[in-house]
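Structure first, commentary second.
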Amino acid sequence: MAGTALAAGVLTVAAALSLGLAAVGGACVTAQRVAGAADAAALAAADTASGAVPGTDAPCTVAGRVATAAGAALTGCTLEGFVATVEVQAAYAGLAAVSRARAGPPEG
């Protein structure tokens, strides 16, 4: 009987650790996805502002579409010349993952 209780305890602890690791893993995946969305949105806005990508939409509008396509929401977008700075966010388990990115021509 004592062995059964010990085995049940070990299985309970293992299950709790597995769920915790799965939650942390999901949060890491979401953070990386949001970072990629921010990078892509900033590049899209900078390319649109510089004219490298032809179009009639505003650079921040293009950045918003790119962020949405990547599964995130654009929460901020500023342009200084051809340099775009964007902020995007996505939710995971009720928490917001936020990332910022900046793109533009090289300095120098």
Side-chain angles (χ1 to χ4, degrees):
M1 187 94 163
T4 303
L6 178 62
V10 169
L11 287 176
T12 301
V13 169
L17 288 174
S18 296
L19 288 174
L21 288 174
V24 169
C28 289
V29 168
T30 300
Q32 290 300 311
R33 181 174 52 85
V34 171
D39 289 342
L43 287 168
D47 284 349
T48 302
S50 70
V53 174
T56 58
D57 291 335
C60 289
T61 302
V62 174
R65 283 200 310 261
V66 169
T68 301
L74 184 70
T75 57
C77 179
T78 58
L79 286 170
E80 295 177 12
F82 296 139
V83 177
T85 304
V86 300
E87 181 177 296
V88 301
Q89 78 175 33
Y92 176 77
L95 301 173
V98 179
S99 185
R100 291 176 194 83
R102 184 175 177 181
E107 296 178 7

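In this chain, numbering begins with 1 at the start of the sequence shown.
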Pairs of donor and acceptor atoms involving the side chains of residues 31-59, under 3.5 Å and at least two apart or interchain, shall be tabulated with distances.
from: R33; atom 1: NH1; to: G71; atom 2: O; distance (Å): 2.7
from: T48; atom 1: OG1; to: A44; atom 2: O; distance (Å): 2.8
from: S50; atom 1: OG; to: A46; atom 2: O; distance (Å): 3.3
from: S50; atom 1: OG; to: D47; atom 2: O; distance (Å): 3.2
from: S50; atom 1: OG; to: A52; atom 2: N; distance (Å): 3.4
from: D57; atom 1: OD2; to: R65; atom 2: NH1; distance (Å): 2.7
from: D57; atom 1: OD2; to: R65; atom 2: NH2; distance (Å): 3.1

Would you give me the side-chain donor-acceptor pairs under 3.5 Å for residues 17-24, sequence neighbours excluded?
from: S18; atom 1: OG; to: A14; atom 2: O; distance (Å): 2.9

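For the salt bridge (charged side-chain N to carboxylate O under 4.0 Å, His left out) condition, the pairs that include at least one residue of residues 94-106, sequence neighbours left out, are E87-R100.
Of the inter-residue distances, the one linking C60 atom SG with L79 atom CG reads 4.5 Å to the nearest 0.5 angstrom.
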